[in-house]
Amino acid sequence: MSNPIKNAIDGYQRTKRRSGSARILILAFLAAAVATALVAYVLINIYGRKQEARTPFVRIAEVSEISTDPEPWGLNWPHHFDGWKSTAGDKFYGGSSAMPQSKLETQPWLKRLYAGYAFSIDYREARGHAYMLYDQGVTERVTKKPQAGACLHCHGSTTVLYRKLGLVAMGQKSDDETLAAEFNMAAVQRGFEEASTKTYQEVLALLKQMPDGTPDENQPVFPAAPAGGFDSEMAGQPLPEGHVDLGEAHPVTCIDCHDPNTMAIRVTRPGFVNGIAALAAGDAPVPHLPSIEKWRKGDRSEAYDPNLLATRQEMRSFACGQCHVEYYCANKMTLTFPWKNGLKMEDLEKTWEETTFPDGSEFYDYIHGETGAPVYKAQHPEFELWSQGIHARSGVSCSDCHMPYERVGAAKLSNHHVRSPMENLNAACQNCHRGSEDQLRDRIETIQSNNAALLERAALAMTDMLDSILEAKAADVSEDQLAEVMKLQRKAMWRLDFISSENSRGFHADQEAARILGESIDYSRQAQAMALRLRAPDPPEIKDVPAEPIQGVTVEKEPEES
C-alpha cells in the first residue's frame, strides 16, 4: 500500500523538474535570440561600414575646374572642409590689432639682414592657411612697396586665372564653359608667364574677376583684405576716390591640390612643375624621390611629370612643396624654383650664381641697403631642408606629420587642419616613435632650442661683419678692394636667411641646419677679418716675435740603454 505523503513529494519533485526544464528552455531561447540579434547587428554594422568605406562621400554639389570657391566642395566632403576652415582657429581674426607678432621686434637683427628689401619694413609670424591671402594683402611689404604678381602664385587660388590668361594669349576660347572643362597645363603655364610680368595689384584685380563656381554668391569663406591694407595706401599711393572691391579671391583651396572629378592629389603650380622637371633632368641624388630615380633610368623622351609618375606618398609631399620652397619671386623674370643642381642649400646657391636676368645682368634678389652688396633672399625652404633629413630618407611625407590620418566613422581621412605636429603628437609621431608624448616633446624642443641658440650666434657674427664692412667703407676702402668681402657677405647672409626663413626651426633636418649655420658664422667671420685688414694699417712682421717651439710628445734624445 502506497504512502500518500511520499507520493505527494514525488509528484511535487516531478513537477518541479518539468518546470525547471521549461525555464531552462525559455532562458536558452532568449539567450539564443539575443545572440542572434547581436550577431545580426554586428554583421549589419560591418556591412554598413564597408559600404561607407566604399563610398566615402556623396556628391551633392557638382564641382569642376572652375570651382575655386571651396563651399560646394564642402557639401561633398564636409570633414575635409571643416578641417580646412579650422586653420583660421576658433574664428577668423582680421584687423590691424589681430595681426601676428612682428619678427622684426623679436629679432631686431633681421632689419639689418634685410636692409634694402621689403622684409625690413614688415615681417611677421606665420598664421594658418586661412590667412594666407588676407595677410599678404595687408602687409606693408605690399601696401608700401610695389610687388610682382608672381607673389600670388602660392597665396591665392590662381589656377583659373592662369588658364584664362594663357588661353587668351594663345588665341583660344576662354569662356567659363571652356575653363570648367579641363585643367589644360599648357594654358596654365602660359598664363603663369603672363602674370609674372604684371604687378601684384593688377593680378589681384584679375583674380577677383575670375569665375569661382558660385556665380550667385559673392562672399568668400574668409574675409578679403581691406584694399590698401590698414593705412589706406596701395603701393605707397593713396587709394583712388570711391575705390570699391568687386568679386571674390580665395586663398589656396581644394582645387589647388585635388582633382575635382576624382579627388586625387595633384600638383597645379607651374613653378613646382618646372622646378621638379629640372631637378629630375639633373644628376643630383634624390633617394627620397623614387619616381624620379625610376624616370632617370628610362629614355627621358618627355619631361618628368609628377601628376603622371609620382607615387601617392610622394604626392603627399609634392602638394606641400608647391609653395613651401625657395624661389625667385619678382618681375625681372618668371618665378623660378632653383632646383636644376639639386635640393641642398649649396645646390640652390650654385643655381642662382649661374643665373642671369633676361637682359644678361647678374642675378640677385636685392642690393643690401648698408653695404651695397648684391645678395640672395631665401623664401621658406621647408621642402628643401626636409629633403636632407631622416624623415624624408625614411619615406615619411609632409602630410604624415602635418596632416596625419584619422578615423571618421569608417572613413580614413587626412586631417586638413594642417598644423604643427607638436599639437597632435599621438597621431603625428607615435605611429612610428614609441616614446611617450613628453619624451617626444622634449626631443623636439631640444632640437629647436639648439637651433635657436646657433641662429642667434650666426646673427651676431652677421652684424659684426656688417659693422666691419661699414668701417672699411668709412676708411675709404674702395669697392674693388671690398669685392671679395661682398662675396663672403652674400654667402654668410644666404645661409643665415636659409635657416631663419625655414619654418621648422631646424627640425626638418637638424644636423643639416647646424652645418649651414656653422658655415654662415664662418663666412661672416672671414668677411669681418678681411674688412678689418683692409681698413687697418698694415700689420707688423711677426717673424721676430719670441715663441715657444712646438714640442708635442717627441723626445729630444734617445734614453740611455740600461
**Request:** Drop me the distance from L110's CG to M462's CE, to the nearest 0.5 angstrom.
**Result:** 7.5 Å

**Parallel, tilted or perpendicular: rings of Y134 and Y131 (30°, 60°)** = perpendicular

**Prompt:** Is the NZ or CZ atom of R495 positioned over Y523's six-membered ring, under 6.0 angstrom from the centre and within 45° of the axis?
**Reply:** no

**Prompt:** Quick one: do the T355 and Y328 side chains pair a donor with an acceptor below 3.5 Å?
**Reply:** no

**Request:** Taking all non-hydrogen atoms of both residues into account, name the closest pair between Q448 and S504 and its distance.
**Result:** NE2-O, 3.1 Å

**Prompt:** Looking at side-chain heavy atoms only, is the closest gap between H368 and M493 below 4.5 Å?
**Reply:** yes

**Salt-bridge criterion met for D538 and R533 (N-O under 4.0 Å)** = no

**Main-chain N/O of S449 paired to R505 side chain as donor or acceptor, under 3.5 Å** = no

**Asked** Just checking, K377 and Y366: is the charged tip under 6.0 Å from the six-membered ring centre and within 45° of the axis?
**Response** no

**Request:** State whether the side chain of N431 and the backbone N or O of A427 hold a donor-acceptor pair below 3.5 Å, judged by distance alone.
**Result:** yes

**Asked** Is it true that K491 and E346 have a side-chain N and a carboxylate O under 4.0 angstrom from each other?
**Response** no

**Request:** Test K487 against E484 for salt bridge (charged side-chain N to carboxylate O under 4.0 Å, His left out), laying out the working first.
**Result:** CA-CA 5 Å; K487 290 179 181 178; E484 288 302 314; 3.5 Å; yes

Which donor-acceptor pairs under 3.5 Å do side chains of residues 329-338 form with protein atoms, sequence neighbours excluded?
unit_1, atom_1, unit_2, atom_2, d
K332, NZ, Y364, OH, 3.4
T336, OG1, T334, O, 2.7

**Request:** Determine the minimum heavy-atom distance between T268 and V188, stating which atoms define it.
**Result:** O-CG1, 4.2 Å

**Prompt:** Are a donor atom and an acceptor atom from the side chains of Y376 and D497 found within less than 3.5 Å of each other?
**Reply:** no

**Prompt:** Is any side-chain heavy atom of H155 closer than 4.5 Å to a side-chain heavy atom of D135?
**Reply:** no

**Message:** Please determine whether a side-chain nitrogen of the Lys or Arg among R190 and E194 lies less than 4.0 Å from a carboxylate oxygen of the Asp or Glu.
**Reply:** yes

**Distance-only side-chain donor-acceptor flag, D359 / S361, under 3.5 Å** = yes

**Request:** With rounding to the nearest 0.5 Å, note down the distance linking CZ in R163 to CD in Q189.
**Result:** 13.0 Å

**Asked** With no hydrogens and no angle check, do the side chains of H380 and S501 hold a donor and an acceptor under 3.5 Å apart?
**Response** no

**Prompt:** Could you walk me through whether H433 and R443 pass the side chain to side chain contact (heavy atoms under 4.5 Å, CB included) check?
**Reply:** CA-CA 11 Å; H433 299 280; R443 289 170 63 183; 4.2 Å; yes

**Item:** Taking every non-hydrogen atom, the tightest pair across R535 and A472
**Value:** CB-CA, 3.6 Å

**Request:** Tell me, yes or no, whether the heavy-atom count around E302 atom CD, taken from other residues, nucleotides or ligands under 6.0 Å, exceeds 12.
**Result:** no

**Asked** For atom CG of L308, is the number of surrounding heavy atoms from other residues, nucleotides or ligands below 6.0 Å larger than 12?
**Response** yes

**Prompt:** When you check the side-chain N and O atoms of T351 and E354, is any donor under 3.5 Å from an acceptor?
**Reply:** no

Table please: side-chain donor-acceptor pairs of residues 93-102 below 3.5 Å, with sequence neighbours left out.
unit_1, atom_1, unit_2, atom_2, d
Q101, NE2, E105, OE1, 3.2
S102, OG, L104, N, 3.2

**Request:** With rounding to the nearest 0.5 Å, note down the distance linking OG in S524 to CG in L466.
**Result:** 7.5 Å

**Prompt:** Distance from H416 atom NE2 to C257 atom SG, nearest 0.5 Å?
**Reply:** 7.5 Å

**Request:** Identify the two heavy atoms, one from C401 and one from P404, that lie closest to each other, and give their separation to 0.1 Å.
**Result:** O-CD, 3.7 Å

**Request:** Look only at the side chain of S157 and the backbone of H250, and say whether a donor-acceptor pair between them is shorter than 3.5 Å.
**Result:** no

**Message:** My understanding is that only residues two or more places apart in sequence, or in another chain, count here; which of them pass ring pair (Phe, Tyr, Trp, His ring centres under 6.0 Å) with F383?
**Reply:** W339, W386

**Asked** Quick one: ring pair (Phe, Tyr, Trp, His ring centres under 6.0 Å) partners of H391, sequence neighbours excluded?
**Response** F507

**Request:** Report yes or no: does T199 contribute a side-chain atom to a donor-acceptor pair with the main-chain N or O of E202 at less than 3.5 Å?
**Result:** yes

**Request:** Look at E512 together with R515 and state whether they make a salt bridge at an N to O cut-off of under 4.0 Å.
**Result:** yes

**Derivation and outcome, salt bridge (charged side-chain N to carboxylate O under 4.0 Å, His left out), residues R269 and D256** = CA-CA 8 Å; R269 291 295 181 270; D256 297 291; 3.0 Å; yes

**Request:** Kindly indicate whether the side chain of P421, heavy atoms from C-beta on, has any atom under 4.5 Å from the side chain of H402.
**Result:** yes

**Asked** Which atom pair, heavy atoms only, marks the closest approach of G137 to T143?
**Response** O-CG2, 3.7 Å

**Asked** Are any of the side-chain heavy atoms of P251 and H129 separated by less than 4.5 Å?
**Response** no

**Asked** Are E382 and N503 linked by a side-chain donor-acceptor pair shorter than 3.5 Å?
**Response** yes

**Message:** Walk me through whether R490 and E362 qualify under salt bridge (charged side-chain N to carboxylate O under 4.0 Å, His left out).
**Reply:** CA-CA 14 Å; R490 184 168 68 191; E362 177 187 6; 3.1 Å; yes

**Prompt:** Does a side chain donor of either D467 or Q528 reach within less than 3.5 Å of an acceptor in the other side chain?
**Reply:** no

**Prompt:** Looking at residues at least two apart in the chain, or sitting in another chain, which of them share a ring pair (Phe, Tyr, Trp, His ring centres under 6.0 Å) with F192?
**Reply:** H153, Y162

**Check: P381 and L385 side chains under 4.5 Å, non-hydrogen atoms** = no

**Message:** Can you tell me if K111 has over 12 outside heavy atoms packed within less than 6.0 Å of its NZ?
**Reply:** no

**Request:** For residues T68 and M210, determine if any side-chain heavy atom of one lies less than 4.5 Å from a side-chain heavy atom of the other.
**Result:** no

**Message:** To check you understand the geometry: which heavy-atom pair defines the closest contact between Q489 and A373, and what is its length?
**Reply:** OE1-CB, 3.3 Å

**Asked** What distance do R296 atom CZ and I292 atom CD1 have between them, rounded to the nearest 0.5 Å?
**Response** 6.5 Å

**Message:** For the CZ atom on R457, are there more than 12 heavy atoms of other groups (residues, nucleotides or ligands in this structure) within a distance under 6.0 Å?
**Reply:** no

**Request:** Please work out whether the ring planes of Y304 and F318 are parallel, tilted or perpendicular, with thresholds of 30° and 60°.
**Result:** perpendicular

**Request:** Write out all pairs satisfying salt bridge (Lys or Arg N to Asp or Glu O under 4.0 Å) with one or both partners inside residues 313-326, taking only residues at least two apart or from two chains.
**Result:** R316-D400

**Message:** Could you check whether E384 pairs with K344 (Lys NZ or Arg NE/NH1/NH2 to Asp/Glu carboxylate O, under 4.0 Å)?
**Reply:** no

**Side chains of E193 and S196, donor plus acceptor under 3.5 Å** = no

**Request:** Say whether T87 and H417, considering side chains only, have a donor N or O and an acceptor N or O under 3.5 Å apart.
**Result:** no

**Request:** Run the numbers on E140 and K145 for salt bridge (charged side-chain N to carboxylate O under 4.0 Å, His left out), then give the verdict.
**Result:** CA-CA 7 Å; E140 292 180 359; K145 294 281 285 185; over 6 Å; no

**Message:** Given 3.5 Å as the limit, does a donor-acceptor pair link the side chain of T463 with the main chain of A459, or not?
**Reply:** yes

**Request:** Please work out which of the three classes, parallel, tilted or perpendicular, describes the rings of F222 and W84, given edges at 30° and 60°.
**Result:** tilted

